Amino acid sequence: MTDLIKLTVSEALKGLKSRQFSAVELTKAYIKQMEEGRKYNAYVVETTEQALEQAKLSDEHYTNGTNRALEGIPLGVKDLFCTKGIQTTACSHILDNFVPQYESTVTQNLLNNGSVFLGKLNMDEFAMGSSTETSYYKPAVNPYSKDKLLVPGGSSGGSAAAVCANMCAAATGTDTGGSIRQPASFCGITGIKPTYGRCSRWGIIAYASSLDQAGPMTKDVRDAAIMLKCMAGYDPKDSTSANIEVPDFEKVLGQDIKGLKIGIPKEYRSDGLNKEVASYWDKAAEMFKLRGAEIVEISLPHTKYALPTYYIIAPAETSSNLARYDGIRYGLRINGEKADDLYINTRTKGFGAEVKRRIMIGTYVLSAGYYDAYYIKAQKVRRLIKQDFEKAFEKCDLILTPTSPFSAFEIGDKSMNENPINMYLNDVFTVSVNLAGLPALSLPIGLDSKGLPLGMQLIGRAFDEETIFKAGYALEEDVAFKRK
Amino acid sequence: MTYTIKTEKNEWEIVCGLEIHCQIISKSKIFSGASTEFGDDANVNVSFIDAGMPGMLPVLNKECVKQAVKTGLGLNAQINKHSVFSRKNYFYPDQPNGYQITQYEYPIVGKGAVKIDLSDGTSKEIGITRIHIEQDAAKSIHDLNPKKSYIDFNRAGVGLMEIVTEPDFRSPEEAGAFLRKLRSIVRYLGTCDGNMDEGSMRCDASISVRLKGEQKMRERAEVKNVNSVKFAMQAIENEAKRQVEIYEQGGTIEQQTRQFDQTTGQTKFLRLKEYADDYRYFPEPDLPPLYLTDEYIENIKKEMVELPDAKKDRFIKDYALTAYDADILTESRQTADFFEQAAKGHDGKKVANWILGDLFANLNANKLTLEQSPITPEMIGELVDLIAKNVISGKIAKDVFVYMWENPKMPSQIVEEKGLKQVTDTGAIEAVIDSVLAQNPDNVAAYKAGKVNLFGFFVGQVMKASKGAANPQMVNEILKKKLG
C-alpha cells in the first residue's frame, strides 16, 4: 500500500475506479507521507480531517457510480488560493489568521470535480520570489537536498516540493513570471502555466493582475492535462477570463508530432549559458527531431528587455493590489494614533522585505513625472515582446527553451540574497511568456552533475495548450525521467 | 446679465467651473452585485468585492454604462465608443481597496453642452467637458464615539457619474440655473435621483476671479462638497468676494482646496494643491477597455424620453404658455406629466394657471409633493371645463377647489352635491334682479340720476341674493337693460 503515493493522478483514478483501493486509503497514505515530509515545510496549513471527510464522500460517489473527473484525488493547494473556511495568508504576516468566506473559482472547480484537499502549500510571500525564502513561514525545502538544504524554487515552491516528495497527488500553483515552471524545474516535476485568461483569477490573491495565471503542478504531463481541464474555464466573475471552450487536453496525448515545427530562439543561447543546461537543450531538440519534428531557428529580439519590463509592470500592479492590506478590515492590525499611523505600523510589520521592495518600485514607476518613462515605456516594450512571439509563431508551432538557467541553489545563497537582481535572473527564460500571455509547460529533462533536476520549457500559441501537451508527452516518453 | 463684483477701484468677473458627482440609479453597485439601497442598516449591502477582500475582482454593471450613455446623450455630448477604467491610488479608511476604480484619460462621455435660462430672459450655453463613471467610497462616521471612527460600506462601490463642466459660469445665478437644469435632466432620464441633501448629487466648484476684460485665468480655489443649489450659489459668491478682497489688498491666491461651511456660508481653507496626493493613475488590469457599438448607442437614443428643453418648447407652442410658466411646468417630469394629463382636451393655459396657482400654493402650504396631491389632473381639467361651459363661475370654482382639496371628488360631483351650479336661466336671474331693484328704490333713483358707479353695488347685491350662483355675465347684461 505504500506505493499509493507514487501513483500519478491518472493511475490513482484507475485504481479508485476499479476499487483496488478506496479514496480514504489513498488520502490516508498521503497524510502519512505529509507527516514524514514535514522537514520539507511544504504545507503551511494541513486540513487532514476535512480531507478524510471528503475522501469518505468520494468513496460514496464511487459506490453510487456518481464519481467525477478527480474523484478522491488528494491535492495540495498553493496558499494564494482563497479556500472557504481555511486560513489563507499568501504566506504573509499581514494576512494573519485570515479565513476567507469564499472559495476561489479554480479550487471550487477542483472540488466540483471530486478532489480532496490536504492543505495549503508554502510559497514566497504574495508570490514574490523564486525560492520560497520570502515566505513568512520559513522556506520550503527541495526534496532533492542532500547535505545542504536547497530551495524548491518559487514562488510555488511548496507545491513543487509536495508533488516531488509525493505529499499530494498533484497541486495548484500560480505563475506570474515563472512561479510554476521554475519550481517544477527545480523539483523534477511537471507544471504548466496556461494562456492568460484560461483559468479564472477570482479568489486568487492578486500579485500582478495582468500576468497572474493559475496552473497545475503534477507528476507527469498526463496529470497536467487532466488537472488543467478541471481547473480551467470561463468565469463571468473574472472579466479577464476567456470565454473559450476548454478542450479535452488528454485526448491529444500520444498523437504523432511528425512535422511539428519547434523553434529555438537564438537570443536565449548566450555564451554565458550553463553548459549542462545547453547540452540538455540540444538533447531535447534532438529527441524531437528523431520523432520527425522540424527544428527551426527563431528570433525573439526584445527578449532581453523582458526582465526589466516585468520588474516595472509587476511591481506597478502590486503596489496597487497590495494597498488593500491596510489593517482596517482583516488580517494584521497594529494600531496607531491616527489612521496614517495604523497603516504605517501595520504595513511595516506585516510585509516582508521583498514585498516592500516591489511596492516601492511600483509606487515609484507610477509616480507623476516617472510614469511615462517607466510604466508607459514598459507597456510599449511588452507589446513588442508579444509581437516577437507572434512573428516567431509564423515560423514554428512551439518554442523550446530551458526553464531556468540553473538548478536549485542553497537556502540562504549569498549572491541571491545580497543582490535581488541575481534572484530575478531565475526567471530570465520564463517572464517573457507571462508578458505575452502565452501558455508554457516545464517538464524534467534530467539531472545535472550535482544530481539536481533541470527542466525544459515548451511555449505555445495563445490557447493552444494542446500542441504543448502533445509535444510535452512525446518528450516525456523519450526522456523517461525517474521521479522520486 | 453681466454679474460683476464692483469695488472702489475695479470691476471683477467670476470664472467658475463645476464638477458634479451623481450617484447612478441602478439596482446593484457598479462593480458588484450588492444592492444600492439607501438608508438600510450599516454594512448590510456589502459584497466581498465592496469590502476589498483578497482575490476579489470587479465586474462592470452594464446598467451603469447605459445610464451614463443616457446622461451623455441628455447633455448633448459625444459618446466615446472606447473608454478605459483606471485606478486612482490613495489610502483612506473608506476606500477599501486602497484605490478607486474610475476613468481617467479615456472617459465614456466627451464634450457636450447644456442650455440654461436666466431670470432676465436670456439664455446661455454651458460646456460639458466630460463624464466619467467610477465607484463611490464608503462612509466614515466620526460622531458616534469620541475616540473611534466607524465605516459604513453600504455606499462603497455605488456607481457615480462625474460630470465636469467648462469654466463657463460668470455668476452664482448661472451655476444655480445649471445645477437645477442638470438635476432636472438626470431626473427626467431616471439616471440619478438628484437629491443633493441626501448626497446622491454632490458638487465641487472651481472658482477664480479676474478683472473685467482680462483674458487669462487666475489661480483658482476648489470648494468641495456643496450639497444644495443654494449653497453652491452662496459658495461661489462668497469665495469670489474673498478672492477679490485679497487681490485688492495686494495679496495673491494660491491654488487650494476649500470647504464650504453651511452655517456661515463662507469657505474654509482645507489644503494647498501643491501638497495634493499623487494618485498614480494607471489602467485597471482587472477590467478590459469598454467598447460600445453604434447600434448600442442608437438603441439607447431610441429609448430617450423628451427632455425639459424640448418639452418646454412644445408646451409654449401647443398650449400657448408663457416661457416662464412652461419652464416651471417642465422642471420635473412629474409636473409636466401632471400638466399634460390635466390639459388633455381642456384649455392648457387655464389648466397651467390652476396648477401653478392654487394647486402649488396648497401643496407648499401643506408641505406636500405633487405625488402626494389629493387633487388629480382629471379634477383640474374638469374644473377648467366647468368654468368654460359656464356651469360655475371662476369665483365658485375657487370654492370648489377648496372642497376638492379637503374632500377629493370630481368637481362636477361637488357642484352637484353643493348645488353650486350657476343659474343661467334668464327668467330666474331677472326675478332676483327685480327683487333687488325693488328693495333699493333710492339707489335706483341715484343711479338713474347719473351715479353710474352704483352699478357694482347692484351686481354685488344680485350675486349675494343668488348665493353666487347667478352667471355674472348675464347679471351684467340684464341689469344694464333694466336700469336703462
Side-chain angles (χ1 to χ4, degrees), chain A residues 80-82 88-90 92 95 98 100-102 104-105 126 197 200-206 208-212 235-241 313 316-317 319-331 339-340 342-344 347 362-371 375-376 379, chain B residues 30-33 43 46-62 84-102 104-105 137-138 140 142 147-151 153 156 274 276-290:
Chain A
L80 205 61
F81 293 80
C82 288
T88 302
T89 66
S92 176
L95 275 170
F98 176 66
Q101 295 307 302
Y102 45 88
S104 85
T105 300
F126 283 110
S200 168
R201 292 185 298 112
W202 194 88
I204 300 174
I205 296 177
S209 314
S210 73
L211 301 159
D212 295 343
D235 181 6
K237 290 189 285 187
D238 174 2
S239 308
T240 64
S241 122
I313 292 171
E317 293 180 9
S319 69
S320 176
N321 281 338
L322 269 57
R324 68 186 62 194
Y325 308 112
D326 55 7
I328 303 277
R329 285 147 294 128
Y330 48 79
D340 280 353
L342 188 157
Y343 299 145
I344 292 166
R347 291 168 67 83
T363 304
Y364 179 80
V365 300
L366 289 178
S367 296
Y370 301 96
Y371 180 76
Y375 186 80
I376 292 290
Q379 289 292 12
Chain B
I30 185 165
F31 300 120
S32 85
N43 293 313
V46 188
S47 75
F48 296 128
I49 297 167
D50 309 320
M53 299 304 264
M56 291 300 98
L57 299 172
V59 177
L60 180 60
N61 180 348
K62 288 189 183 121
V84 175
F85 290 96
S86 288
R87 289 189 187 175
K88 179 182 181 179
N89 294 284
Y90 65 96
F91 285 99
Y92 204 74
D94 64 21
Q95 191 58 262
N97 283 316
Y99 56 83
Q100 176 195 34
I101 304 175
T102 177
Y104 186 54
E105 282 175 282
S140 293
H142 302 294
K147 283 185 182 159
K148 287 179 180 171
S149 289
Y150 293 87
I151 308 168
F153 286 94
E274 64 180 285
D277 296 316
D278 177 354
Y279 290 119
R280 291 173 283 118
Y281 285 98
F282 75 105
E284 164 59 281
D286 288 334
L287 292 169
L290 177 61

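In what follows, every chain begins at residue 1, and chains take the letters A, B, ... in the order their sequences are listed. Source: prediction; values computed, not measured.
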Between [X] and [Y], what is the shortest heavy-atom contact and its length?
{"X": "A:Tyr343", "Y": "B:Tyr92", "value": "OH-C, 3.1 Å"}
{"X": "B:Pro283", "Y": "A:Tyr371", "value": "CD-OH, 3.5 Å"}
{"X": "A:Pro236", "Y": "B:Val59", "value": "O-CG2, 3.5 Å"}
{"X": "A:Lys237", "Y": "B:Leu57", "value": "O-CB, 3.7 Å"}
{"X": "A:Ser319", "Y": "B:Arg280", "value": "OG-NH1, 4.2 Å"}
{"X": "B:Asp286", "Y": "A:Ser209", "value": "OD1-CB, 3.3 Å"}

Select, from [options], the one with the greatest count of heavy-atom pairs under 4.5 Å involving chain A.
{"options": "B:Pro285, B:Pro54, B:Gly33", "result": "B:Pro54"}
{"options": "B:Glu284, B:Gln95, B:Met53", "result": "B:Met53"}
{"options": "B:Ser149, B:Pro58, B:Gly52", "result": "B:Gly52"}

(Q) Run the side chain to side chain donor-acceptor pair (under 3.5 Å) test against A:Ser241 and tell me which residues pass, sequence neighbours left out. (A) none

Q: Quick one: list whatever passes side chain to side chain donor-acceptor pair (under 3.5 Å) with B:Thr102, sequence neighbours left out.
A: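 B:Thr102 satisfies side chain to side chain donor-acceptor pair (under 3.5 Å) with B:Glu134 only.
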
Please look at [X] and chain B and tell me whether the side chain, the backbone, both or neither of the residue comes under 4.5 angstrom of a heavy atom of that chain.
{"X": "A:Ser367", "result": "both"}
{"X": "A:Thr88", "result": "neither"}
{"X": "A:Tyr370", "result": "neither"}
{"X": "A:Gln101", "result": "both"}
{"X": "A:Phe81", "result": "neither"}
{"X": "A:Ile204", "result": "backbone"}

Q) Given a strict heavy-atom distance threshold of 4.5 Å, which part of B:Tyr99 is in contact with chain A: side chain, backbone, both, or neither? A)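 Contact with chain A is through the side chain of B:Tyr99 alone.
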
Q: Examine whether an atom of B:Asn97 lies under 4.5 Å from a heavy atom of chain A, and if so say whether it belongs to the side chain, the backbone or both; otherwise answer neither.
A: both

Chain B interface, residue from [options] that has the most non-hydrogen pairs under 4.5 Å:
{"options": "A:Ala368, A:Ser104, A:Ala90", "result": "A:Ala368"}
{"options": "A:Ser239, A:Ala208, A:Pro100", "result": "A:Ser239"}
{"options": "A:Leu211, A:Asn321, A:Leu95, A:Leu322", "result": "A:Asn321"}
{"options": "A:Ser320, A:Ala323, A:Ala339, A:Ala206", "result": "A:Ser320"}

Q) Relative to each other, are the rings of A:Tyr375 and B:Phe282 parallel, tilted or perpendicular (30° and 60° limits)? A)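 Aromatic pair A:Tyr375/B:Phe282 classed perpendicular.
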
